Trainee: 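Before anything else, here's the structure in question.
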Amino acid sequence: MRIPYYPGCTLSTKAKGFDQAARQSFAALGIELAELKTWNCCGATFPLSRDNLLDLVGPVRNLVSAAAEGDKLAVACSTCFNVLKRSNLVMRNEEDKREKVNFFIEADYAGSVQVLHLLEILRDEVGWDNLAKAVKKNLADLSVAPYYGCMFLRPPKEMGFDDHENPQILENFIRALGAQVADYPHRAECCGNYIAAFDLETTKEMSYLILASARKAGADLIVTGCPLCQFNLDRWQQDLAMKHGGFRPIPVLYDTQLLGIALGLDATTFDLDKHYVDPRPILAEKGLI
Amino acid sequence: MRIQLSAAKVHNDFIRKVEEMSGQDLLKCYQCGECSAGCPAAFAMDLLPNQVIRLLQLGEHEAVLKSKTIWLCAACQQCYTRCPKGVDLSRIMEAVRDLLMLEQGDRIVIEKLPAETLAEFPQQAFISGFRKYTA
Ligand code: SF4
Ligand code: SF4
Ligand code: SF4
Ligand code: SF4
């Protein structure tokens with residue numbers, strides 16, 4: 001199966017390991033993630049002002065490219081997914097905006113493409129049972145904390161493919177890989193998002209609540225599907241350990257990195273060494289790399 | 001704080017623009033506080049999210065414009081998701097930020113960001129941050 005694929009700008013630069021692990025894992029599962037012939041940055045934030053049509057131009061141009069290549073679009077980054085999916089709904093449901101955006105970019109697009117997150121494709125196209133059968137490594141001794149962040153789930157009226165207060169898709173993914181799920185209350189709390197670049201101290205504390213909560217639940221590592229969540233959670237752990245006595249740093253992986261490792265792929269191209277809290281010692285201890 | 005009300009103040013131009021840009025009816029909010037209870041950045045805010053909307057209901061937007069809160073809102077959508085009245089506070093925050101920046105200029109100067117920050121942070125942080133902090 002071949003599905004048009006939107007990597008997004010961060011996965012093409014700072015988070016290449018996320019992208020590599022996604023493509024190789026899906027190939028191993030018989031799905032070719034075919035990068036769109038032309039694409040541009042989605043804008044990384046869905047415009048919240050009603051008169052801000054210009055910020056819809058970037059995401060809609062990507063959707064127009066996708067429509068030329070198929071009826072589905074696979075997305076790895078939860079933030080791109082949020083922006084593309086919400087923009088697609090505007091084009092589908094809001095006639096006046098659709099007309100103006102189409103006029104501006106000289107297109108005729110009405111929201112036909114189905115925007116799918118990679119985890120949805122695993123759930124609906126591959127199936128958890130088939131995924132479990134494809135797993136080559138034994139993860140039974142690994143406790144994994146799922147981290148959703150915000151963009152994947154909210155607002156639920158628009159994102160709506162999982163329960164926003166009690167989501168299960170990452171848990172089911174972790175279980176299908178054969179690992180244990182660390183259940184903790186902060187899995188869908190925001191990490192601070194873009195505020196990190198402008199008010200670091202606030203985001204450090206926001207991240208700390210999430211990290212400490214995952215550690216308390218006995219997690220060996222955290223998985224997430226957003227490069228900014230990954231960075232915010234990963235980057236400041238040394239500072240946090242100095243400030244909060246007793247806190248032990250915890251590695252934060254992309255969901256596709258854990259997928260590739262479980263499928264027995266060669267993880268050397270996944271950039272595991274680029275993370276700030278090195279995940280390799282715990283993965284080696286569990287016999288996974 | 002002593003607040004004097006008048007019809008002109010409650011329906012002032014700024015408030016009307018916020019309603020127009022956000023598409024939200026400020027008077028739908030009945031001050032239950034659910035938004036503030038769930039807001040992940042509330043601990044760092046000087047005005048809680050429900051106080052922001054209350055002040056806007058009363059035409060006291062000057063107090064909102066002075067607060068840190070609008071700049072600490074991460075647009076995480078938790079308030080909107082949990083509001084029993086369906087008020088999208090993240091859109092209200094965005095409208096206030098945009099109106100303020102249209103008047104006073106951008107909140108950040110891109111050229112002044114530290115070189116280490118520029119080198120290290122993922123692209124996504126800047127793109128979304130620039131969209132939120134410049135108009
Ligand atoms: S969210 Fe991202 S990483 Fe994703 S394309 Fe959009 S800006 Fe870039
Ligand atoms: S970067 Fe933070 S703000 Fe984003 S989706 Fe991740 S949790 Fe939310
Ligand atoms: S949750 Fe909604 S109704 Fe309750 S205080 Fe916040 S905005 Fe108002
Ligand atoms: S969108 Fe802003 S105000 Fe609402 S919960 Fe998130 S950070 Fe708080």
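Atom set for the values below is all heavy atoms of this structure, side chains included, hydrogens, waters and symmetry mates excluded. Just so it is clear: chains get the letters A, B, ... in the order the sequence lines come, proteins before strands, and each one is counted from 1. Remember, predicted model here, so these are calculated numbers, not experimental data.
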Trainee: Below 4.5 Å, heavy atoms only, C-beta onward: do N193(A) and S128(B) meet side chain to side chain?
Mentor: yes
Trainee: Do you know which two heavy atoms are closest between T81(B) and P156(A), and how far apart they sit?
Mentor: OG1-CD, 3.4 Å
Trainee: Please give me the minimum heavy-atom distance between P122(B) and K14(A), naming the atom from each residue.
Mentor: CA-CG, 4.1 Å
Trainee: Measure C73(B) against the heavy atoms of chain A and call it side chain, backbone, both or neither at under 4.5 Å.
Mentor: backbone
Trainee: Is the backbone N or O of M21(B) less than 3.5 Å from a side-chain atom of D51(A), with the two atoms forming a donor-acceptor pair by type?
Mentor: no
Trainee: Could you check whether any side-chain heavy atom of Y276(A) comes within less than 4.5 Å of a side-chain heavy atom of E120(B), counting everything from C-beta outward?
Mentor: yes
Trainee: Give me the atom names and distance for the closest heavy-atom approach of A125(B) to L228(A).
Mentor: CB-CD1, 3.7 Å
Trainee: Less than 4.5 Å to any heavy atom of chain A: does that hold for the side chain of R82(B), its backbone, both, or neither?
Mentor: side chain
Trainee: Looking at the rings of Y133(B) and Y194(A), which for Trp means the six-membered one, are their centres under 6.0 Å apart?
Mentor: yes
Trainee: Non-hydrogen atoms of chain A under 4.5 Å away: do they reach the side chain of A135(B), the backbone, both or neither?
Mentor: neither
Trainee: Compare every heavy atom of G43(A) with every heavy atom of I127(B), then report the nearest pair and how far apart it is.
Mentor: CG2-O, 3.3 Å
Trainee: I want to check something: taking the side chain as every heavy atom from C-beta on, are F198(A) and I108(B) in contact at a cut-off of under 4.5 Å?
Mentor: yes
Trainee: Do you know the tightest heavy-atom contact between A74(B) and G192(A)?
Mentor: CB-O, 4.0 Å
Trainee: Would you indicate whether the side-chain heavy atoms of M151(A) and Q77(B) approach each other to under 4.5 Å?
Mentor: no
Trainee: Please flag which part of L72(B) lies under 4.5 Å from any non-hydrogen atom of chain A: side chain, backbone, both or neither.
Mentor: both
Trainee: Listed by residue number, which members of residues 40-65 of chain B have a heavy atom under 4.5 Å from any heavy atom of chain A?
Mentor: P40(B), A41(B), F43(B), A44(B)
Trainee: Taking every heavy-atom pair that is under 4.5 Å apart, which of R91(B), R131(B), E20(B), M93(B) has the most such pairs with chain A?
Mentor: R131(B)
Trainee: Go through the atoms of Y80(B) and report whether side chain, backbone, both or neither lie under 4.5 Å from a heavy atom of chain A.
Mentor: side chain
Trainee: Is it the case that atom CD in Q4(B) sees more than 12 heavy atoms from other parts of the structure closer than 6.0 Å?
Mentor: no
Trainee: Take S49(A) and E94(B) through the side-chain hydrogen bond (donor to acceptor under 3.5 Å, both in side chains) test and state the conclusion after the steps.
Mentor: CA-CA 7 Å; S49(A) 265; E94(B) 182 125 317; 4.9 Å; no
Trainee: For E201(A), check salt bridge (Lys or Arg N to Asp or Glu O under 4.0 Å) against everything at least two apart and list the hits.
Mentor: K204(A)
Trainee: State whether the number of non-hydrogen atoms from other residues, nucleotides or ligands found under 6.0 Å of R61(A) atom CZ is greater than 12.
Mentor: no
Trainee: Taking every non-hydrogen pair under 4.5 Å, which of S90(B), P114(B), G38(B) racks up the most with chain A?
Mentor: S90(B)
Trainee: Which heavy atom of L48(A) sits nearest to which heavy atom of A75(B), and what is that distance?
Mentor: CD1-CB, 4.2 Å
Trainee: With the side chain counted from C-beta on, respond yes when C80(A) and Q124(B) share a heavy-atom pair under 4.5 Å apart, and no when they do not.
Mentor: no
